[in-house]
Amino acid sequence: MTLQHDHPTTAQPAGGLPTTAAGKVHLDPSAMDNAPPTRSKVTAALAAIACAACCALPLLIAAGVLTGAGAALTQNLLLGASGVLAAAAGGMWWLHRRRTARKAAAAGQAGCASGSCAC
């Protein structure tokens with residue numbers, strides 16, 4: 001099984017994307033954006049910061065910045081926020097990949113959204 005497409009391409013339209021003879025936009029599957037979007041990276045960074053702050057709580061207690069009750073409340077809030085942010089970052093990345101695959105399938109490309117991938 002080869003991954004090359006036998007679609008003849010014509011001149012590029014005003015949008016700059018090559019099209020097939022049928023007028024469908026031809027997207028190279030290897031050029032699909034599989035990297036996480038910026039919003040997902042920022043959300044994951046915030047989750048990591050919340051996790052690091054939770055790990056720094058013993059130091060804050062030893063320094064006298066937080067008391068026992070404040071530390072317990074802060075720990076629960078930071079752990080919850082870190083979990084929610086990590087799940088949101090993963091969900092945003094998944095949604096981004098799903099939309100990219102759907103666009104490729106709508107353009108007539110073989111990919112995971114079309115059900116014809118060999119991955």
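The basis for the numbers below is simple: all heavy atoms, side chains too, and nothing from hydrogens, waters or symmetry mates. Quick caveat, the model's predicted, so the values are computed rather than measured.
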Among Ile, Leu, Val, Met, Phe, Trp and Tyr joined by side-chain contacts under 4.5 Å, find the other residues sharing a cluster with Leu73 and list them by chain and number. Leu77
Return the set of residues passing side-chain contact (heavy atoms from CB on, under 4.5 Å) with Ala71 (not counting sequence neighbours), or none when no residue passes. Ile61, Leu66
Ser40: what forms a side-chain contact (heavy atoms from CB on, under 4.5 Å) with it, not counting sequence neighbours? Pro36, Pro37, Ala89, Met92, Trp93
Go through the structure and list residues passing side-chain contact (heavy atoms from CB on, under 4.5 Å) with Ala50, not counting sequence neighbours. Leu78, Ser82
Other hydrophobic cluster members with Leu59, side-chain heavy atoms of Ile/Leu/Val/Met/Phe/Trp/Tyr under 4.5 Å, chained? none
Which hydrophobic side chains are connected to Leu95, either touching it within the sub-4.5 Å cutoff or through other members that do? Trp94
How far apart are the closest heavy atoms of Thr43 and Leu85, and which atoms are they? CG2-O, 3.2 Å
